[in-house]
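Just so it is clear: chains get the letters A, B, ... in the order the sequence lines come, proteins before strands, and each one is counted from 1. This structure is a prediction, so every number in the text was calculated from the model and none was measured.
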Number of protein chains: 2
Amino acid sequence: MTVSRVLRGRGDVSENTRDKVLAAAKQLGYVPNKIAGALASQRVNLVAVIIPSLSNMVFPEVMTGISAVLDETSLQPVVGVTNYLPEKEEKVLYEMLSWRPSGVIIAGVEHSDATRAMLKAAGIPIVEIMDVDGTPVDSMVGISHRRAGRMMAQAIAAEGYRRIGFMGTKMPMDHRARKRFEGFTEALAKEGIEVADQEFYDGGSALAKGREMTEAMLKRSPDLDFLYYSNDMIGAGGLLYLLEKGLNIPSEIGLAGFNGVELLQGLPRQLATMDACRSEIGRKAAQIIAQRCAEDGPDEPEAIELSPKISFGDTLKRG
Amino acid sequence: MTVSRVLRGRGDVSENTRDKVLAAAKQLGYVPNKIAGALASQRVNLVAVIIPSLSNMVFPEVMTGISAVLDETSLQPVVGVTNYLPEKEEKVLYEMLSWRPSGVIIAGVEHSDATRAMLKAAGIPIVEIMDVDGTPVDSMVGISHRRAGRMMAQAIAAEGYRRIGFMGTKMPMDHRARKRFEGFTEALAKEGIEVADQEFYDGGSALAKGREMTEAMLKRSPDLDFLYYSNDMIGAGGLLYLLEKGLNIPSEIGLAGFNGVELLQGLPRQLATMDACRSEIGRKAAQIIAQRCAEDGPDEPEAIELSPKISFGDTLKRG
DNA sequence: ATGAAAGCGCTAACAC
DNA sequence: GTGTTAGCGCTTTCAT
């Protein structure tokens, strides 16, 4: 009836009645039932955002980018967390789709068959984010982690480092870290360099792990002149350890991480790293969804590759 | 019809028909429409979780606790972020309530009148978390930040520190930090000590801010013998700065932060801090909601105060 | 400018 | 064990 019109600001309603309705609504503490609304209108202003983790420092920043854009629209993000588990991803997606969201933003391009099938069948805009090394279901925005690994390898080799160690997370969990590693070793190989030592961790405080792994690795392979870490947190741990040991950075030994986490500005030395364009990814993804939801002419799927930039900090340029 | 029964595993259905239905459902890629289901059954398996921020390190951990418990039930968390803005909190809550969730977990006990009114009127279990210094709408689980501040003050005084500086976030944004500060100054006053210097920041990388503020404060008040930081991140920045300067910690100058963030294990010295019981808070809150949703006899509101513990690390005990 | 009526896709209660 | 029916609280369309 008229009330519905008022509450949504649609249709022609006289000033008078509008005021009355609004007053009554506030008076009663009326909160519209979106469930009924959504069922009737077949429209839901929710965007499902599916990410592996919140405690990662990288996804909150993606979320910020998404929210910033979605706040300008009537769309709302709803996040689901998979803990890097494909089965959980499947479950979470299923749950979210059963609420018929207007779009899906999902991390990564690696999904189970069932997940891909659901995404395809959903009939709503899908944006896979973070990574562009793969075939998207629909749209995709991210960086090439393989290329990021290569870039870092080239920069390191260009500075003359030759005995290189690698530390990172256990790979099966994290496709993007794996791709960076692959790109890294591949580019080094082109220079005739092999990764001299490597170690992988799993769980625990990243800073402490970085410290421990660095100590262990240097004990094992004292001749290393560069350490590449798959994320900034363990890199920071390594940096602190090396500084304590009094090693000369970056001349004696160089370091680099990955992510460009702002959090770490303030370390004794600025760790070399690479920006993963996190908030830009979030913004672009949200824009794609918003556009597709709003526009009349159904746009084409987009595939956007952002360019990560190396920041040399104080730990890579030998000068 | 029967299909509905099968999909929900309710009622008596023959093996045979069940199999047929399930097969057909999978075949068609059928995803049930929860909107319709919820409307018909007047039940929604969603729990609204409203927190100020994700990039804080503290809330992801609370979320983990909540998820851990809710995963055992049919309930699902849906998070909304307020950025410490009361108006945004109001908006987010309104949006979430319009989906008729089964319960609400919301950070803090300070809310606008409208927010409190909505919470009261919602007719669902409400748990206010993090902080118990205030009057809850319904249930509440957290720590007393005022008491936490007092405890730290007492510990510091007991070690013989007398010239104490404080650094923290700009307070209006963060009631809990404010309460800690109040408790802190109050307990110091009892010992006849006044906070000798203080400084507040806003935005930026916490580690870098901690470093900068510490430098500035020590330049201003070189005679300080203790620095209390309202969070571990800025405390870590300060610690790194002091270590570089070659000050003797904790004999020359002591330090303490707040939160017990695991992230920071691996610093050259372990920063004294206080555990905020974050994941325990999440678990307890989720349990209360789950219980209230499941049980028949409607339980009473609970008010649970957890006890934070001081960890002295390497920066507080003069020994 | 306003009211009436027909669903949206399910669940729940009741027949069969 | 299975089919039937009447809503859930809105939006939408069509009359008035």
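- Within the structure, a side-chain polar atom (N or O) of A/Arg43 is placed less than 4.0 Å from OP1 or OP2 of D/dT12.
- Here B/Asp71 pairs with A/Lys88 in a salt bridge; the nearest charged N to carboxylate O distance falls below 4.0 Å.
- Counting only N and O atoms by type, the side chains of A/His111 and A/Glu90 include no donor and acceptor under 3.5 Å apart.
- Protein atom CD1 of A/Ile35 is 16 Å distant from nucleotide atom P of C/dG9, rounded to whole Å.
- Atom CH2 of B/Trp99 and atom P of D/dG9 are 15 Å apart (whole Å).
- With rounding to whole Å, A/Asn16 atom CG is found 13 Å from C/dT2 atom C1'.
- Minimum heavy-atom separation, A/Cys293 to A/Ser102: SG-O, 3.6 Å.
- Regarding contacts with the backbone of D/dG9, a side-chain N or O of B/Gln42 is found under 4.0 angstrom from either OP1 or OP2.
- Residue B/Ser41 is the one, among B/Ser41 and A/Ala40, whose nearest nucleotide of DNA chain D lies closer to the 5' end (criterion: closest heavy atom).
- Distances shown here put every side-chain N or O of B/Arg18 at or beyond 4.0 Å from the OP1 or OP2 atom of D/dT2.
- Counting to the nearest Å, the P atom of D/dC10 and the CZ atom of A/Arg100 are 21 Å from each other.
- Listed candidates were D/dT2, D/dC8, C/dT2. Nearest to the side chain of B/Leu39 is D/dC8.
- Considering only side-chain N and O atoms, A/Ser4 lies nowhere under 4.0 angstrom from the phosphate OP1 or OP2 of D/dC10.
- Contact annotation: A/Tyr30 side-chain N/O to D/dG9 OP1/OP2 distance is not under 4.0 Å.
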| task | May I have the step-by-step check of salt bridge (charged side-chain N to carboxylate O under 4.0 Å, His left out) for B/Glu280 and B/Lys284, ending in yes or no? | result | CA-CA 6 Å; B/Glu280 180 64 11; B/Lys284 276 262 181 301; 3.3 Å; yes
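- Regarding contacts with the backbone of C/dT2, a side-chain N or O of A/Ser14 is found under 4.0 angstrom from either OP1 or OP2.
- Candidate nucleotides D/dT11, C/dG9, D/dT2 were compared by shortest atom distance to the side chain of B/Thr17, and D/dT2 ranks first.
- A/Asp133 and A/Ser144 are linked by a side-chain donor-acceptor pair at a separation below 3.5 angstrom, with hydrogens and angles left out of the test.
- Atom P of nucleotide C/dT11 and atom CG of B/Asn45 are separated by 12 Å, given to the nearest angstrom.
- In this structure, B/Lys34 atom NZ and C/dT11 atom C1' are separated by 14 Å, rounded to whole Å.
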